[in-house]
Each structure stands twice: as structure tokens, then as C-alpha cells.
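Being a predicted model, the structure only gives us computed values, none of them experimental. Only heavy atoms go into these numbers, but all of them, side chains included; no hydrogens, no water, no symmetry mates.
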Amino acid sequence: MCGIVGYIGTKPVKEILIDGLRELEYRGYDSAGIAVLQNHQFSLFKAVGKLINLEEKAQKFESTGFSVGIGHTRWATHGKPTELNAHPHVGSSSYVVHNGIIENYQELKSKLTAQGSHFISQTDTEVIVHLFEFHLKTASSPFEAFTKTLEELEGAYAILLVTASVNDTIFFAKQGSPMIVGRNQENETLFGSSDAALIGKCHEVIYLEDGHYGIATADKISLYDKNNNQVDLHFTPLSENKLSAQKDGHRFFMEKEIYEQGTVLADTLMGRLRDETVYFEELPPELFDGIHSIKLCACGTSYHAALVATYLLERHAKIQTSVEIASEFRYREPLLSPDTLFVVISQSGETADTLESLKMAKKAGLKTLVICNVDNSSMVRLADASILTRAGIEKGVASTKAFATQVSVLWMLSLHLASERKTLQENEIARQIKLLRTLPSVVVVDNSIHEQLRRLSKRYLHGHGFFFIGRDVFFPLALEGALKLKEISYLHAEGYPSGEMKHGPIALADPELFTIALLPQHKLYDKTKSNVEELSARDSTICSISPLDFDKADDHIRTHFHEDYMLEFFEMMVVLQLLSMEIAVRLGNDVDMPRNLAKSVTVE
Ligand code: F6R
């Protein structure tokens with residue numbers, strides 16, 4: 001995902017900025033850029049691809065003496081990964097770098113264009129710098145122009161802005177996206193979107209809060225809160241450990257990735273939700289022409305996302321949908337018909353079985369689509385069309401945020417198709433789009449639930465196994481919960497449709513059998529409840545997850561009330577991820593690198 005750095009001081013600024021960006025490389029990016037302000041003159045360098053390309057572009061640039069600089073690594077979300085779309089974005093004499101989404105950028109862009117601003121990129125970010133320059137014409141100071149700019153921005157942002165008239169200053173703001181300001185004994189001020197960029201360069205930092213904004217020079221930082229009150233500067237010492245900084249203060253990458261699902265989902269949704277329809281800029285308009293059924297194919301967690309999609313695609317788009325495990329599909333001599341759209345789902349885009357299945361489908365003349373997290377991966381290059389999930393690099397071997405983004409893309413795809421095929425009423429599509437917009441807040445980890453899971457995990461370390469059970473889309477979620485637990489705790493766990501228990505598995509029920517029951521309020525609650533009661537009557541230990549009370553539970557995790565089952569799905573997904581992580585922690589396992597597993601399975 002995108003990264004930001006900023007610097008005010010006398011050291012060689014190019015090296016400091018690129019070094020900081022390199023520390024943020026682990027987040028993933030596809031273009032990068034820096035802007036340096038020295039003696040009221042700007043130097044700008046941008047490059048597509050890795051930082052080495054940026055270094056080559058800026059090879060001849062040297063700075064001596066005082067300067068101010070800002071830098072950015074961009075993971076394309078709004079507009080393709082081109083130099084024009086790379087940050088910093090420029091007005092006539094100001095530059096900006098930005099992480100997040102400016103939700104009202106279209107509206108601002110139209111207004112500014114009408115007033116004479118000339119836009120050159122496809123990004124939402126560019127409106128910030130034009131808006132700033134618009135206000136600069138009438139404001140009493142650049143800082144006033146900056147605050148007026150912030151007042152008009154809607155959405156999430158971490159922003160650094162520099163302008164030629166104030167040669168020694170960076171304006172900064174944080175709302176919803178992380179931003180850290182640091183200083184050192186050499187009178188330098190630095191900024192980073194993660195403290196990883198500041199390690200070794202600063203001894204103390206301030207983690208800005210939402211609504212914080214301000215102005216920084218070499219010897220002074222003025223910080224304001226959302227009510228425009230000046231805030232005292234409370235610096236905290238900065239760790240020297242780079243790896244822990246990459247984890248943003250979390251114990252494991254898995255934990256960090258669970259916690260960042262809100263930000264990541266905001267990126268997944270960005271630019272794809274209109275008021276009444278879902279729009280995928282990347283899909284060729286003729287992709288669905290002549291298509292009468294969909295076949296999804298994937299492995300592991302991605303297969304579970306595909307299973308969720310079978311419910312959503314048939315329910316919303318009324319299109320026959322089937323799902324295949326890639327390693328089975330390859331060898332079962334499947335009958336493929338050209339009116340089937342073949343959709344592969346893969347975080348890495350490199351999984352051998354999924355890739356081979358995609359090749360088979362192509363060879364059979366099917367139209368193909370990949371839903372993938374890695375641009376330029378083998379599957380993205382091979383498929384006729386691709387939708388990127390925009391989860392950023394996932395380091396934990398146990399997939400979390402990749403699954404969240406896959407399911408959200410598939411939900412959006414079901415609505416996109418529903419509006420194309422006119423299978424859902426417009427107001428129902430609009431209602432679900434509203435729900436989608438709330439996803440980033442639905443997956444924010446509730447600290448009290450996390451604390452409860454931490455405590456109750458100690459009761460689930462032994463026994464002879466776990467059943468995760470649910471109905472409808474909560475069945476694939478149960479499969480995913482069981483897979484997460486298996487992978488990192490090494491305990492035996494199975495996912496089951498709750499209605500299937502009495503057809504055999506219930507024979508295992510006794511107090512040493514743990515049942516994790518998904519009891520959403522808005523999807524088959526009573527039916528699932530009676531299945532859980534049957535297990536409880538046979539003395540299985542029950543841990544229920546539901547917004548509603550359940551008196552037969554030994555442990556009850558109370559989720560929030562939501563207006564729709566899909567929102568319950570996403571909140572329960574977070575609970576299951578945290579539960580397996582806390583059990584694995586108690587067992588002393590390596591959460592990020594579980595035994596016997598690799599992140600990308602490129603052999604069959
Ligand atoms: C589980 C997990 C795996 C992957 C599977 C497919 O946490 O990560 O089950 O989902 O190996 O990988 P991708 O999605 O890269 O094709």
C-alpha cells in the first residue's frame with residue numbers, strides 16, 4: 001500500500017527520502033516519487049516500478065544545505081500505475097503526497113476545473129494541491145489556505161504539502177490514514193506513514209491522531225486538533241527494531257493484517273461504488289456477453305471466498321454458479337462450455353493448481369477473469385480480465401486481509417452483474433452499496449472483543465477437536481475459521497454446514513469437542529440455533545458468536561447488531577481470525593510462519 005516520507009533539514013535530502021521509502025517497500029507499491037524544495041525551487045522525480053528506477057531518474061540530483069522534501073510510494077488504486085499518477089502531485093508551485101481516499105474528489109475536481117485548474121492525473125489526490133492553490137489566492141497565509149483545504153476534504157487522508165513561497169515548511173494532516181512526525185538532536189523533522197521509515201533517523205516521534213493537522217519547520221512543529229485547538233507535543237521514544245516497526249506495533253504480521261482490514265477494504269472499494277451501481281473500470285464491457293454460467297476455481301482460503309460467491313452470485317445475479325477446488329478440477333476431465341465465465345481467485349496469482357486450471361479453461365476457449373491481489377502475477381497476465389483486490393502485501397502465511405478483500409470484490413461483482421442482468425431491484429442494489437460503504441468500519445477490531453478472545457483462548461487449547469459450524473455464507477466462513485485455526489494452532493478443526501451435523505459428525509460430540517457456532521441474526525438464525533442446541537444437548541462445549549443471547553453456550557462472543565447478514569459475516573470473520581491467533585499465541589506457535597506452510601504454493 002502507499003507510503004509517505006517527509007524531511008526538513010540539512011542532510012542530503014534525496015538519500016533520506018529514498019531510504020525512508022525503501023523501509024516502506026514491504027507494504028507494496030508500483031510507482032514512487034519525490035519532490036525537493038530548495039531556495040524556492042522545486043525538483044521533482046517520479047518513476048514507475050521499483051525504487052531503483054526512481055534512483056536512476058534522480059541520479060544527477062545532489063542537494064547541499066537546507067532543504068525540504070516529500071516522497072511517496074504508490075500502490076495504484078485510482079488510475080493506473082503511471083508516472084503521471086505517481087505522487088507528488090503538482091499545482092503551479094506546490095506539491096502534495098497523500099495516502100487514503102478523497103471521497104468527494106469528483107465534485108471538487110469539477111468545481112476547480114470550472115475555476116481554471118488544470119488536472120493532469122486520474123487520481124483523487126491531485127484535487128488537494130489545486131484546492132490549496134485556489135485558497136492561496138485569497139488566504140492571509142499558506143497555513144490558512146491549507147486549513148481551508150482540509151475543511152473541504154471528505155474521506156481518509158494522510159497528507160504532506162509543500163509550497164514554494166514558504167521554503168522551510170511542510171504542512172501536514174491526518175484523518176483515517178496513519179502519519180507520524182519525528183525529530184532528532186540534529187534539528188531535523190521527519191514524517192512517515194509508518195514508523196519503519198523513521199527508525200535510525202529520529203529518536204522520538206508523535207503518532208498523529210485523526211483530525212490532527214499542522215505546520216512544521218526545522219525548529220518548530222505546531223500541531224492542532226480537529227477543533228482547531230493547539231495541541232501540546234507529546235513525543236514518545238522510537239524503537240530501534242526495524243522488523244517490529246514494520247508490524248506497526250503489533251506482535252505479528254497476522255495481527256497487523258487483521259487490524260488493517262478497515263483501511264485495506266476502503267482501498268478495495270475505492271472508485272468502484274457509485275450511488276446505484278458497482279463499477280469495475282478494469283472489466284471489458286463485453287466480458288459477460290453470451291455468458292450463462294460462472295465457474296469459480298481456487299485453493300485454500302481463496303476457495304472459501306469462492307464458496308461465498310456461489311451464494312451471492314446466484315442470489316443477486318441469478319446466474320448459475322459452481323465452484324471447484326483447483327487441484328481437483330485439473331484432473332477430473334471437466335466438461336467446459338463456452339458460455340461459462342471461468343473465474344479464478346488467488347491472493348498471490350501464482351498458485352500452481354489455480355494457474356494450471358486457468359490455462360485449461362483458456363485452452364477450452366472459455367472467457368476468463370482473475371480476482372487477485374498481485375498485479376502482474378502469472379494469473380493476471382494470463383486471464384482475459386482481472387480485478388485487483390488491493391489488499392497490499394500480505395506477510396502472515398495465514399491469509400486474513402486477502403480473504404476480506406476477495407469476498408468484498410465478489411460481493412461487488414454479484415451486484416455489478418445483478419444490475420447488468422436486472423435481477424435485483426435498483427433500490428436493493430443501492431441498499432447493498434450502502435452496506436458495502438460501511439465495511440471499513442465493520443471490520444475495525446473491537447478492543448473489548450479482542451480482550452475477551454485473549455482471555456477465553458486458554459480454555460480451547462486441548463480437547464479432541466473443533467467444529468466450526470454455520471449456514472449459508474456462514475458455512476464457508478466456518479470452513480475458513482477452521483482452516484485458520486488448523487494452520488497456526490496445529491489443532492484439529494473442521495468446518496461444517498450446521499444442518500449436516502446430525503448426518504454423522506454429531507457422533508463425536510462430548511465435552512472435549514469444541515463447537516464454534518456462527519449464529520447471525522439475519523440469516524437462518526432459528527435453524528442454526530436448533531443445530532447448536534442439538535450439539536449442546538450432547539455435551540459439546542459451545543462457543544457461540546452472535547449479536548443475540550444464546551443460553552446454551554459455554555462461552556458467548558457478542559458481536560454488534562448489524563442491519564444485514566453480510567455485515568455480520570465480516571464482523572464474525574474478524575472474530576474467527578483473532579480467536580485462532582490468540583489460541584496459537586497461547587500454544588507458543590510461530591503465528592506468522594506456521595510449520596510446513598509456504599505463503600505461495602507454486603508446486604502442485
Ligand atoms: C490459508 C492460505 C492458503 C491460500 C492458498 C491459495 O491461510 O493462505 O490456503 O489461500 O494456498 O493461495 P492463493 O490465494 O495465493 O492462490
Salt-bridge criterion met for [X] and [Y] (N-O under 4.0 Å):
| X | Y | answer |
| --- | --- | --- |
| Glu204 | Arg183 | yes |
| Lys109 | Asp124 | no |
| Glu260 | Lys401 | yes |
| Asp592 | Lys395 | no |
| Asp275 | Arg437 | yes |

Side chain to side chain contact (heavy atoms under 4.5 Å, CB included) partners of [X], counting only residues at least two apart:
| X | value |
| --- | --- |
| Ala385 | Leu283, Pro284, Leu287, Leu369 |
| Gln115 | Lys111, Leu112, Phe134 |
| Ala383 | Leu358, Thr368, Val370 |

* Steps toward side-chain hydrogen bond (donor to acceptor under 3.5 Å, both in side chains) verdict (Ser121, Glu126) -> CA-CA 7 Å; Ser121 79; Glu126 201 185 341; 2.7 Å; yes
* Asked: Got a sec, which residues hit side chain to side chain donor-acceptor pair (under 3.5 Å) with Glu480, two or more places apart in sequence or on another chain?
  ->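 Residues passing side chain to side chain donor-acceptor pair (under 3.5 Å) with Glu480: Thr301, His304, Lys484.
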* Does Glu25 have any side chain to side chain donor-acceptor pair (under 3.5 Å) partners at least two apart in sequence or in another chain, and if so, which? ->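 Glu25 satisfies side chain to side chain donor-acceptor pair (under 3.5 Å) with Tyr29 once adjacent residues are dropped.
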Closest non-hydrogen atom pair between [X] and [Y], with its separation:
| X | Y | value |
| --- | --- | --- |
| Arg74 | Pro81 | NH1-CA, 3.7 Å |
| Leu84 | Ile120 | CD1-O, 3.5 Å |
| Phe403 | Ala305 | CE1-N, 3.6 Å |
| Val5 | Ala197 | CG1-CB, 3.8 Å |
| Gly69 | Ile170 | O-CD1, 3.8 Å |

* Determine whether the side chains of Thr400 and Gln261 contain a donor N or O and an acceptor N or O closer than 3.5 Å. =>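 Side-chain D/A pair, Thr400 to Gln261: absent.
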* Do Thr389 and Asn373 have side-chain N/O donor and acceptor atoms under 3.5 Å apart? -> yes
Strictly distance-based, threshold 3.5 Å: is any side-chain N or O of [X] a donor or acceptor partner for the main-chain N or O of [Y]?
| X | Y | result |
| --- | --- | --- |
| Lys14 | Ala58 | yes |
| Glu188 | Tyr7 | no |
| Gln38 | Thr64 | yes |

* To do: Check the surroundings of atom CE in Met593: do more than 12 heavy atoms from other residues, nucleotides or ligands lie under 6.0 Å from it?
  => no
* Which class fits the ring pair Phe329 and Phe342: parallel under 30°, tilted 30 to 60°, perpendicular over 60°? -> tilted
Rounded to the nearest 0.5 Å, how far does [atom2] of [Y] lie from [atom1] of [X]?
| X | Y | atom1 | atom2 | value |
| --- | --- | --- | --- | --- |
| Ile387 | Thr268 | CD1 | OG1 | 11.5 Å |
| Ser399 | Leu483 | OG | CG | 9.0 Å |
| Ile325 | Arg330 | CD1 | CZ | 14.0 Å |
| Glu186 | Lys11 | CD | NZ | 3.5 Å |
| Thr125 | His98 | OG1 | NE2 | 5.0 Å |

* Are side-chain heavy atoms of Ile221 and Ile206 found at a separation under 4.5 Å? ->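 Ile221 vs Ile206: side chains apart.
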* To do: Apply side-chain hydrogen bond (donor to acceptor under 3.5 Å, both in side chains) to the pair Ser357 and Glu324, showing each step before the final yes or no.
  => CA-CA 10 Å; Ser357 305; Glu324 306 260 0; over 6 Å; no
Name all residues meeting the salt bridge (charged side-chain N to carboxylate O under 4.0 Å, His left out) criterion together with [X]; count only those two or more places apart in sequence or in a different chain, and write none if there are none.
| X | result |
| --- | --- |
| Glu282 | Arg272 |
| Asp168 | none |
| Glu56 | none |
| Glu107 | none |

What residues form a ring pair (Phe, Tyr, Trp, His ring centres under 6.0 Å) with [X], not counting sequence neighbours?
| X | result |
| --- | --- |
| His130 | Phe119 |
| Phe132 | none |
| Tyr259 | His250, His450 |

* Take Ser377 and Glu350 through the test side-chain hydrogen bond (donor to acceptor under 3.5 Å, both in side chains) and record every step on the way to the result. => CA-CA 6 Å; Ser377 57; Glu350 304 296 344; 4.6 Å; no
